[in-house]
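Only one structure is covered here, and it is reproduced in the block below.
Proteins get letters first, then strands, A, B, ... in listed order; numbering begins at 1 in each.
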Amino acid sequence: MKRIAATDIETLGVVSRQNYLKLREERKLQQLKDEVEDDRYLFEEIPLSESEYRRTMYKEEICNLLVANKLDENHNEYYRIPEAFDDLKCAAVNQEKRFSVATQGYYDNHKEEAWEDNQIKKAFCDKKFEFKREITLEKSRAKRLVLNEERKKLPIYAFRDEFLQAVNDHQIIVIVGETGSGKTTQIPQYLHEDGYTKHGRMIACTQPRRVAAMSVAARVSQEMGVKLGHEVGYSIRFEDCTSEKTVVKYMTDGMLLREFLAQPELDSYSVVMVDEAHERTLSTDILFGLVKDVARARPDLKLLISSATLDAEKFSNYFDLAPIFKIPGRRYPVEIQYTKSPEANYLDAAVVTTLQIHATQSPGDILVFLTGQEEIETVEQILKHRVRGLGTKIAELIICPIYANLPTELQAKIFEPTPEGARKVVLATNIAETSLTIDGIKYVIDPGFCKMKTYNPRTGIESLLVTPISKASAMQRAGRSGRTGPGKCFRLYTAYSFQNDLDDNTSPEIQRTNLANVVLTLYSLGIEHEKLLRFEFMDPPPADAIKKAMELLYNLGALNGQGKLTKVGRRMAEFPLDPMLSKMIVASEKYKCSDEIISIAAMLSVGNSIFYRPKDKQVHADNARLNFHSGDVGDHIAYLNVFNSWKETNYSSEWCYENYIQVRCMKHARDIRDQLAGLLERVEIELISNSNDLDAIKKSILSGFFPHAAKLQKNGTYGRVKHLQTVHIHPSSGLAEVVPRLVLYHELVLTTKEYMRQVTEIKPEWLLEIAPHYYQLNDVEDSSSKKMPRGCGLAH
DNA sequence: GAGCACTGC
């Protein structure tokens, strides 16, 4: 192609080269954005299935990659783009070519022609949009007719009148609806049709997951023939898609819990349906207690507890012997096979079983449940190796790993249809148990383990342990094979084990988590002190955990000596964060650095997967990370540096890739930060920046995290101040080599050792200044000048 | 010098 010198361009007098390039970038960006917008539009009009929805999301990410020019060879290897997006890649390349040609023409033909070209383009785009819109409307009309027929075929349709009668007769009903019964989509509609939304009151239906709330709302709006967000809407964090018209509202359970803060009697609702109650999320468990109480105060409020399991008796007993309404499901049979004897190595057994299925069983994809990323990577490698050994005698086996931390572009692979003659094997964590469904799975391999979080209220340590799953969980896993046709489930344990070793149900989250936030929420709902100790939990958490939470809240100044919520506590409760983080924000008012503190809080709550560390580029990734630690500022300030640097690049995705940072996490952090900024206004704390005074920022952090102080001991390890407990700085910390005398940490995790994650150096006098009620002089004195506490002496 | 299941506000 003919090159044009910069001087030529200037003499043409059209645009300066820089301006031209900028214009070109902008147009390219706009074009891509338009495509995504079009897809969004489609999403609004026609409810997407979950896999379609995810594909839309992935497409957006791909567009970001394209914009960030990540399609060149190097990055292609680093962020492999799934084949399904080949068309998009081609389009982008063609687009690029067309731009080049147009560029040439642009200069050759001068301003007018180019302008005309632009006009044509615009007209073309308008036309395309109009056309797409027409098709969409037509499709949606046709779909509505089909949907109406489909509604009548659902198992629940036959029980419609019987169900409405039951709701009329009873205030609380426990619904047992197997998967595919249509309860989630139909029940709110029936109630709406039966007049429960008169008098301006809504029907609420809670879901444990955001995607579920969105896609179900989209589906129902389509069935009812209304625009999503009007009569039917959804409400999830960062996104309220409802209006004054809304009568049927799908929401996450956590969102309803938040709404309780504003309206403790749930005045705007006539019916509350707690769906997927058997999952026993932290939020559902608290909702149970609250909603049961409200039902007593408001006889007109109807309560539906919907669960998929057969232990509905327990729910019924809890809700004062509420009647149980059973709805059959529509499922295919699943044949279950056990091993004859226990397997010594379940990874090996999983590989062997996979290959056996591949060699002997009829077509259909395989889903293997593993406990984590590491196992998945190991099995992937072994499988690849073994398949290579089999040569061409056998059909192709496509291996797809999936876990939550896998970059989004790579996750898309599992939704690609399996090519004719090949077989797909999906290696998944628990994410495939409930959070996402994969079409075409016919065989499930279940080794019977998962990783589970446990919390020790005495030490405050959380740890992830590989644990046997429960019977309920095993059934759920098996059910994943019978979604589109009869399936088979291979359990890598004996039938005896299943009967005798596995618990019936997974212990609810509320029994194995830090309750500080739960207790604060309940306090701000007026459930204080004795009332809280009497709170009707379906499965009460350990008394120790509640006591520990109260103690912490008292130390943070959220509760006073009489066990009442203080003004500080009330402000803290506004933030959807761990109380220590909330306290840190409230304290930032005093140190005039709220701007920096909410950035840090947002980054901390996104968690530990911000820094991406690919196996083959660990050194690069670590070096990139160290750039944010200059001056040994500590991990908290490093997080602040990351966020601010990203902000300075105008939230560039490209910058993230260069620095081995996960874009997804950063976007999430930005969303949280925006929300926190809004909440600051609510609690009347001014947004002030004080970026030069690092001590002020550290003091704010310490105001929330002073119980997490650890000091260096003679033997080089750390000891928690106030607790005789040895801890270590996590090697990923920027301070791991610095070894300061006194530090605060964000969290303590137990892996091979007890590690402090996210560490910042503090001064001893700050402890006395900020927490005189908690620390005494002898706590902060240099440990070397003092006798060693018992049990913490040197080894040997 | 080391490993992080999954959600949600």
Side-chain angles (χ1 to χ4, degrees), chain A residues 206-213 235-240 251-261 276 279-287 369-378 402-406 428-436 449-454 462-467 469 473 476 506 508-510 512-513 517-518 520-521 524 573-579 581-582 601-602 605-613 615 618-619 621-622 662 665 668 671-672 675-676 678-679 728-733 735-737 739 747 749-758:
Chain A
T206 72
Q207 295 291 322
R209 278 168 294 280
R210 297 161 52 93
V211 176
S235 174
I236 56 179
R237 190 184 187 183
F238 309 130
E239 210 182 330
D240 183 10
M251 62 214 297
T252 43
D253 45 16
M255 206 66 201
L256 185 62
L257 196 55
R258 280 273 134 192
E259 285 195 4
F260 257 99
L261 291 174
E276 313 286 352
E279 286 196 29
R280 305 292 306 274
T281 67
L282 194 56
S283 302
T284 11
D285 263 25
I286 302 161
L287 278 178
F369 283 100
L370 299 166
T371 65
Q373 179 178 348
E374 206 184 335
E375 274 185 19
I376 289 175
E377 281 166 2
T378 320
I402 177 93
Y403 45 88
N405 268 344
L406 193 73
T429 58
N430 249 4
I431 194 172
E433 201 176 291
T434 48
S435 303
L436 57 85
F449 292 96
C450 71
K451 274 189 188 164
M452 198 155 56
K453 196 173 79 180
T454 52
E462 290 181 343
S463 48
L464 270 178
L465 291 175
V466 175
T467 327
I469 58 170
S473 198
Q476 174 72 18
T506 313
E509 194 186 352
I510 199 160
R512 41 187 177 87
T513 190
N517 198 17
V518 172
L520 182 61
T521 307
S524 64
E574 288 288 330
F575 296 94
L577 300 170
D578 185 89
L581 286 170
S582 310
S605 40
V606 165
N608 44 29
S609 48
I610 292 170
F611 295 105
Y612 181 60
R613 206 159 173 260
K615 256 202 178 125
Q618 293 188 350
V619 184
D622 288 350
Q662 296 232 35
C665 293
H668 191 203
D671 285 340
I672 296 176
Q675 190 191 25
L676 295 180
L679 290 169
H728 307 263
I729 295 184
H730 196 274
S732 69
S733 164
L735 296 183
E737 251 113 83
V739 201
E747 61 180 352
V749 290
L750 175 67
T751 49
T752 49
K753 285 179 186 168
E754 276 152 352
Y755 282 112
M756 304 182 275
R757 270 219 209 106
Q758 282 89 38

>> By the 4.0 Å heavy-atom rule, please label A:Q618 as base, sugar-phosphate, or nothing.
In response: base

> Considering only side-chain heavy atoms of A:Y403, which listed nucleotide, B:dG8, B:dA5, B:dC6, is closest?
Replying inline: B:dC6

> Separation of A:M255 atom CE from B:dG8 atom P, in whole Å?
Replying inline: 13 Å

> Looking at CG of A:L679 and CD1 of A:I672, how far apart are the two atoms once the value is rounded to the nearest 0.5 Å?
Replying inline: 11.5 Å

> Quick one: which of A:Q207, A:Q476, A:R209 gives a side-chain contact (heavy atoms from CB on, under 4.5 Å) with A:E279?
Replying inline: A:R209

>> How many whole angstroms separate atom CE of A:M251 from atom C1' of B:dT7?
In response: 17 Å

> Whole-Å distance between B:dA5 P and A:I431 CD1?
Replying inline: 11 Å

>> When you compare the side chains of A:T371 and A:E375, does any donor N or O come within less than 3.5 Å of an acceptor on the partner?
In response: yes

> Should A:T281 be listed as having a side-chain N or O under 4.0 Å from OP1 or OP2 of B:dT7?
Replying inline: no

> Quick one: is B:dC9 close enough that its OP1 or OP2 comes under 4.0 Å of any side-chain N or O from A:R210?
Replying inline: yes

>> From the set B:dC4, B:dC9, B:dT7, return the single nucleotide nearest to any side-chain atom of A:I236.
In response: B:dC9

> When you match A:Q373 and A:L282 each to their closest nucleotide on DNA chain B, which lands nearer the 5' end?
Replying inline: A:Q373

> Of all the choices, B:dG8, B:dC9, B:dA5, which nucleotide is nearest to the side chain of A:R209 once you look at every atom?
Replying inline: B:dG8

>> As a test of reading the structure: which of B:dA2, B:dT7, B:dC4 is closest to the side chain of A:Y755, going by heavy atoms?
In response: B:dA2

> Between B:dC9 atom C1' and A:L287 atom CG, what is the distance in whole Å?
Replying inline: 12 Å

> How would you list, by chain and number, every residue that makes a salt bridge (charged side-chain N to carboxylate O under 4.0 Å, His left out) with A:E754, sequence neighbours excluded?
Replying inline: none

>> From C-beta outward on A:T752, which listed nucleotide comes closest to its side chain: B:dG3, B:dA2, B:dC6?
In response: B:dG3

>> If you assign each of A:N405 and A:D622 to its closest nucleotide in DNA chain B, which residue comes earlier from the 5' end?
In response: A:D622

>> As a test of reading the structure: which of B:dG8, B:dC9, B:dG3 is closest to the side chain of A:P576, going by heavy atoms?
In response: B:dC9

>> Whole angstroms only, please: what is the CD1-C1' distance between A:I729 and B:dG3?
In response: 18 Å

>> Using whole Å, what does the distance between atom P of nucleotide B:dC4 and atom CD of A:E377 come to?
In response: 13 Å

>> If I take atom CD in residue A:E462 and atom C1' in nucleotide B:dA5, what distance separates them, rounded to the nearest angstrom?
In response: 13 Å

>> Taking only side-chain N and O atoms of A:T252, does any of them lie within less than 4.0 angstrom of OP1 or OP2 on B:dT7?
In response: no

> Of all residues at least two apart in sequence or in a different chain, which pass the side-chain hydrogen bond (donor to acceptor under 3.5 Å, both in side chains) check with A:S733?
Replying inline: A:D635

>> A:E462 and salt bridge (charged side-chain N to carboxylate O under 4.0 Å, His left out): which single residue from A:K453, A:R512, A:R757 fits?
In response: A:K453

> So what does A:R258 touch, heavy atoms closer than 4.0 Å: a base, only the sugar-phosphate, or nothing?
Replying inline: sugar-phosphate

> What integer distance in Å separates A:I510:CD1 from B:dG8:P?
Replying inline: 18 Å

> Taking only side-chain nitrogens and oxygens of A:T371, does any of them come within less than 4.0 Å of OP1 or OP2 of B:dA5?
Replying inline: no

>> What's A:T751 touching, base or sugar-phosphate or nothing? Going by heavy atoms closer than 4.0 Å.
In response: sugar-phosphate

